[in-house]
Amino acid sequence: MSIVCFLVFLAYEFSVGIYYPAVGYLRSRIMPEEFRATLSNWFRVPMNLVTCISLTLNYGSDSKDVSGLKKFQFVFTLCSILMIGSMVSATIFSKKYSKKVVHDEVQESRSGKTQNTETV
């Protein structure tokens with residue numbers, strides 16, 4: 001069980017490590033500049049909710065078990081499920097919009113326009 005937890009932890013850390021550069025690039029390509037800050041702040045709301053829930057479960061009460069699991073295992077399982085859900089969503093998003101982005105880049109290069117790809 002400890003090997004499985006370690007491997008899931010490594011997958012989680014890898015996913016978090018590639019998240020910020022990937023989201024920065026996608027933000028610069030998809031979100032309009034005038035709405036980028038507002039939309040980015042709304043994406044932080046679920047992350048803060050998960051943080052509050054996990055802190056409440058770890059330090060909120062004296063009971064050691066949450067539905068048969070230790071609190072740490074429950075929080076780790078919850079985070080793993082959420083990360084898998086985000087990977088599935090990112091894959092669907094990538095398949096849906098990657099052709100559009102490539103098509104737009106080709107059209108821009110043909111017309112001589114360049115799009116700013118800086119991240120905020």
Side-chain angles (χ1 to χ4, degrees):
M1 179 67 180
S2 62
I3 298 290
V4 172
C5 284
F6 180 67
L7 292 175
V8 172
F9 172 75
L10 289 178
Y12 174 78
E13 287 296 320
F14 177 76
S15 299
V16 168
I18 62 173
Y19 170 79
Y20 288 105
V23 167
Y25 175 76
L26 288 174
R27 247 189 256 142
S28 69
R29 302 299 292 166
I30 294 171
M31 290 184 197
E33 182 69 34
E34 60 269 9
F35 302 120
R36 195 176 298 167
T38 303
L39 290 171
S40 297
N41 286 330
W42 276 106
F43 285 129
R44 291 186 181 126
V45 171
M47 180 183 67
N48 289 334
L49 286 174
V50 169
T51 302
C52 291
I53 289 169
S54 64
L55 288 174
T56 302
L57 285 173
N58 278 336
Y59 300 111
S61 66
D62 294 332
S63 66
K64 298 289 183 193
D65 290 335
V66 175
S67 68
L69 293 174
K70 293 181 182 175
K71 288 182 183 181
F72 176 76
Q73 289 175 334
F74 179 75
V75 170
F76 190 75
T77 304
L78 177 67
C79 290
S80 298
I81 290 170
L82 290 173
M83 185 60 69
I84 290 169
S86 67
M87 286 186 343
V88 169
S89 299
T91 303
I92 292 169
F93 180 82
S94 173
K95 288 180 181 178
K96 185 173 182 179
Y97 289 103
S98 64
K99 292 177 185 174
K100 180 185 181 307
V101 170
V102 170
H103 182 282
D104 291 347
E105 288 175 352
V106 168
Q107 293 297 339
E108 288 172 2
S109 66
R110 287 182 183 164
S111 66
K113 296 179 185 175
T114 59
Q115 183 172 353
N116 187 2
T117 58
E118 278 187 34
T119 58
V120 175

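Checked against side-chain contact (heavy atoms from CB on, under 4.5 Å), Phe35 has the following partners two or more places apart in sequence or in another chain: Pro32, Leu39. Applying the side-chain contact (heavy atoms from CB on, under 4.5 Å) test to Met83 and every residue at least two apart in sequence or in another chain returns Tyr12, Ser15, Val16, Ser86. Under the side-chain contact (heavy atoms from CB on, under 4.5 Å) criterion, Cys5 pairs with Met1, not counting sequence neighbours. Shown here are the side-chain hydrogen bond (donor to acceptor under 3.5 Å, both in side chains) partners of Asn48, two or more places apart in sequence or in another chain: there are none.
There is a path of hydrophobic side-chain contacts, each under 4.5 Å, that joins Tyr20 to Val23. Both Val4 and Phe9 sit in one connected hydrophobic cluster of ILVMFWY residues. Membership requires side-chain heavy atoms under 4.5 Å apart, directly or through other members.
With side-chain heavy atoms closer than 4.5 Å counting as contact, directly or through intermediates, the hydrophobic cluster containing Leu49 also holds Trp42, Val45.
The distance from atom CG of Leu7 to atom OG of Ser2, rounded to the nearest 0.5 Å, is 9.5 Å.
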